[in-house]
Amino acid sequence: MSEARPPADVVPLRRARRPWWVAQWPIILVLLGVCIAMVLIAMDYFRRGSVVLSASVLLAAFLRLLLPDADAGMLVVRSRKIDVAVLAVLGIGLTLFTFWVPAPS
C-alpha cells in the first residue's frame, strides 16, 4: 500500500520561527511600562507612576483588542472579550483611584 504524497512543488505554509522576544513584543512593552511606573513610584512620584501604571494596563487592553491571537503573545489568556473587559476595568479603575487619592502635602 503506497501513501499519497503531495507534489514536489507544493510548499507547506508555515510561519518562520521568530526569536521569543520578537514574538512577545506586546507583553514586553506592557511590562516595560509597569517597570517604569514602579521606578517612578519608588522615587516618590506616586501620581506620575500610577498614571504610567494605569496607562500600561490600558495599553494591554488595546493591544489585546487590536492584535490577532497569533500576534498578541502572552496577552492571550482567555477569550478576547474577557481579556479586554478585565484589562479595561482594571485600567479604568486604576486611573480613577490615581486621581481620587489626594496628593501628599
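Since this is a predicted model, take the numbers as computed values, not measurements.
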Quiz prompt | Non-hydrogen atoms of Val34 and Ser56 that approach each other most closely | solution = N-OG, 3.6 Å
Quiz item: Do Tyr45 and Val52 have side chains that get closer than 4.5 Å, going by heavy atoms?
Solution: no
Practice problem: Applying side-chain contact (heavy atoms from CB on, under 4.5 Å) between Val57 and each of Val86, Val89, Leu94, Val30, report the one that passes. | Solution: Leu94
Quiz item: Among all residues two or more places apart in sequence or in another chain, which pass the ring-ring contact (aromatic ring centres under 6.0 Å, His included) test with Phe99?
Solution: none
Practice problem: Kindly say whether Val101 contributes a backbone atom to a donor-acceptor pair with the side chain of Arg47 at under 3.5 angstrom? | Solution: yes
Practice problem: Considering non-hydrogen atoms only, spot the tightest contact between Ala61 and Ala88 and give its length. | Solution: CB-N, 4.0 Å
Quiz prompt | Euclidean distance, Leu53 CG relative to Cys35 SG, rounded to 0.5 Å | solution = 10.5 Å
Quiz prompt | From CG (Leu90) to OG1 (Thr95), nearest 0.5 Å | solution = 10.5 Å
Quiz item: Given the rule that I, L, V, M, F, W and Y join up when any side-chain heavy atoms are under 4.5 Å apart, are Leu63 and Leu31 in one cluster?
Solution: yes
Quiz item: How about Asp69 and Arg64: do any of their side-chain heavy atoms sit closer than 4.5 Å?
Solution: yes
Exercise. Please examine the side chains of Leu58 and Ile92, heavy atoms only from C-beta on, and report whether any two atoms are closer than 4.5 Å.
Key: yes
Self-check item: Main-chain N/O of Val76 paired to Asp83 side chain as donor or acceptor, under 3.5 Å
Solution: no
Quiz item: Would one find more than 12 heavy atoms of other residues, nucleotides or ligands at under 6.0 Å from atom CE of Met74?
Solution: no
Quiz prompt | With Arg48 via salt bridge (charged side-chain N to carboxylate O under 4.0 Å, His left out) - residues at least two apart | solution = none
Exercise. Please answer: with hydrophobic residues joined when any side-chain heavy atoms are less than 4.5 Å apart, are Leu87 and Ile82 in the same cluster?
Key: yes
Self-check item: Nearest non-hydrogen partners of Leu67 and Trp25, listed with the distance
Solution: CD1-CZ2, 3.9 Å
Quiz prompt | For the student: nearest non-hydrogen atoms of Ala37 and Gly49, plus distance | solution = CB-O, 3.2 Å
Quiz item: In the single-linkage hydrophobic clustering (I, L, V, M, F, W, Y; side-chain heavy atoms under 4.5 Å), do Ile36 and Met43 co-cluster?
Solution: yes
Quiz item: Do the side chains of Leu59 and Leu75 join up, straight or via other hydrophobic residues, at under 4.5 Å, putting them in one cluster?
Solution: yes
